[in-house]
Amino acid sequence: MTAKNQIEDIAALEQKFQARIDAEQKIEPKDWMPEAYRKNLIRQMSQHAHSEVIGMQPEGNWITRAPSLRRKAVLLAKVQDEAGHGLYLYSATETLGISRADLIAALQDGSAKYASIFNYPTQTWGDMGAIGWLVDGSAICNQVSLQRTSYGPYSRGMIRICKEESFHQRQGYQIMIELARGTPEQKQMAQDSLNRFYWPSLMMSGPHDGESAHSAKSMQWKIKRETNDDLRQKFIDQTVPQIEYLGLEHPDKDLKWNEERGHYDSGELDWEEFKNVINGNGHCNRQRLQHHIKAHEEGAWVRDAQNAYDVKRKARKAQSAA
Ligand code: FAQ
């Protein structure tokens with residue numbers, strides 16, 4: 001086959017692929033896909049998985065200090081759910097032909113990112129409320145739309161994850177309600193957590209659309225179903241009545257209802273801070289990765305034992321088949 005024929009073949013395959021995407025058909029692991037689609041998916045899905053797993057650390061920090069047995073059980077269950085989400089997402093990413101070990105290596109050497117929000121410290125119990133309410137809230141805005149992502153395993157994973165995330169958000173908001181209706185000190189704690197987590201939660205949706213390197217292709221391929229700015233707007237709008245209900249002050253002093261747009265206009269985010277955090281210089285970046293590496297190394301014996309067991313099991317199976 002000539003080089004020209006090969007290019008024409010790929011162009012025809014790409015056209016067919018795009019037509020399937022446009023017709024809302026799911027792409028499955030064994031289907032033909034452009035290499036750039038596969039790479040972009042591995043990038044986004046693995047970073048999503050890393051976010052779920054690194055995201056266990058800020059809340060894990062409060063399991064031993066939860067104010068009651070019930071709260072402890074709820075928080076423990078939530079953190080375990082996040083581990084599960086990481087596992088679904090790593091497994092879904094592996095269907096694209098990359099190993100879990102390679103994905104973890106990219107996280108640990110800093111070449112793969114994870115959500116900026118998890119580099120902020122959790123200083124008070126109020127932060128557990130703010131994370132569930134705002135961080136899970138912002139994550140859900142995105143994840144609901146990702147249920148319709150074009151890659152089958154990712155889409156199906158998201159459907160299951162969304163069910164659990166809405167419980168996470170409610171438990172966080174319930175913590176905020178209790179604090180906001182509590183003593184003046186408790187109400188102040190809730191306000192302080194809201195003030196610290198509000199802006200970083202808006203940054204979770206990523207840079208403005210005009211600055212977003214991957215959005216155009218990801219939207220064309222329906223890997224992403226909504227743009228960064230649209231997701232952020234949804235979150236801003238849904239959060240306003242929730243803050244009002246709590247009787248707390250909105251951290252954005254420039255927030256204004258825009259009748260024409262039918263949305264709230266928001267103050268500008270500190271994009272310098274965002275860049276610093278995603279480039280490894282947030283409050284907790286180093287601590288988060290060091291903790292992950294330590295836990296991974298300490299777990300080596302479990303992986304070794306599992307592998308040894310697999311080898312034995314396969315040998316036994318082969319022997320009994322012979
Ligand atoms: N943090 O071109 P774009 C959760 C990077 S799950 C860090 O706009 P894209 C559950 C981006 O990767 C939260 N990096 O990128 C939970 C890219 O860098 P690269 C995670 C960010 O992919 C709750 C560069 O900037 N959710 O929280 C961020 O089209 C509580 C250029 O940006 C997902 O991952 C950021 N915020 O759009 C767990 C959802 N934003 O890769 C525990 C799936 C951008 O070229 C406790 N992901 N970057 O080196 C997505 O929807 C997309 O990846 C976006 C970013 C929307 C996050």
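Counting convention: from 1, in listed order, for ligands and their atoms alike. All residue numbers refer to positions in the sequence shown, counting from 1. Values below: every heavy atom of this structure, side chains too, minus hydrogens, waters and symmetry copies.
Proximity to A213 (heavy-atom distance under 4.0 Å) selects the following atoms of ligand 1: 2 (O). Residue-ligand proximity, M204 to ligand 1, at heavy-atom distances under 4.0 Å covers atoms 27 (O), 36 (N), 57 (C). For ligand 1, the atoms sitting less than 4.0 Å from at least one non-hydrogen atom of G55 are 42 (C), 46 (C), numbered in the order shown with element in parentheses. Which parts of ligand 1 touch E59 is read off a 4.0 Å heavy-atom cut-off, strictly below it: atoms 46 (C). Interface of K113 with ligand 1, defined as ligand atoms under 4.0 Å from a residue heavy atom, comprises 5 (C), 14 (N), 18 (O), 19 (P), 49 (O). Atoms of ligand 1 found under 4.0 Å from any heavy atom of S212, numbered from 1 in the order shown, are 2 (O), 3 (P), 8 (O). Within ligand 1, counting atoms from 1 as listed, the ones closer than 4.0 Å to a heavy atom of S205 are 56 (C). Taking every non-hydrogen atom of E165 and a distance limit under 4.0 Å, the qualifying atoms of ligand 1 come out as 10 (C).
The stretch residues 263-289 participates, sequence neighbours left out, in these ring pair (Phe, Tyr, Trp, His ring centres under 6.0 Å) pairs: H208-W271, W257-Y264, W271-F274. Pairs engaging residues 197-222 under the salt bridge (Lys or Arg N to Asp or Glu O under 4.0 Å) rule: E24-K222 [sequence neighbours left out].
Residues H168 and H85 place their aromatic rings such that the two centres sit under 6.0 Å apart.
Distance check, rounded to the nearest 0.5 Å: CG of L289 to OH of Y114 gives 4.5 Å. One finds the CG atom of L96 at 5.5 Å from the CE atom of M45 (value rounded to the nearest 0.5 Å).
The pair D81-K78 fails the salt-bridge criterion, with no side-chain N (NZ, NE, NH1 or NH2) lying under 4.0 Å from an Asp/Glu carboxylate O. Salt-bridge formation is detected for the pair R196/D192: a Lys NZ or Arg NE/NH1/NH2 atom is positioned less than 4.0 Å from an Asp or Glu carboxylate oxygen.
Using the six-membered ring where Trp is involved, Y151 and Y37 have ring planes that are perpendicular, over 60° apart on the 30 and 60° scheme.
On a distance-only criterion, S51 and ligand 1 share no N/O pair closer than 3.5 Å. Distances between N or O atoms of Q143 and those of ligand 1 include no value under 3.5 Å.
The closest heavy-atom contact to atom 32 (O) of ligand 1, among the options P207, G206, A112, comes from P207. One option in K224, M203, H214 has a heavy atom closer to atom 55 (C) of ligand 1 than any other, and that option is K224.
Under the 4.0 angstrom criterion, atom 24 (C) of ligand 1 counts as lacking any protein heavy-atom contact.
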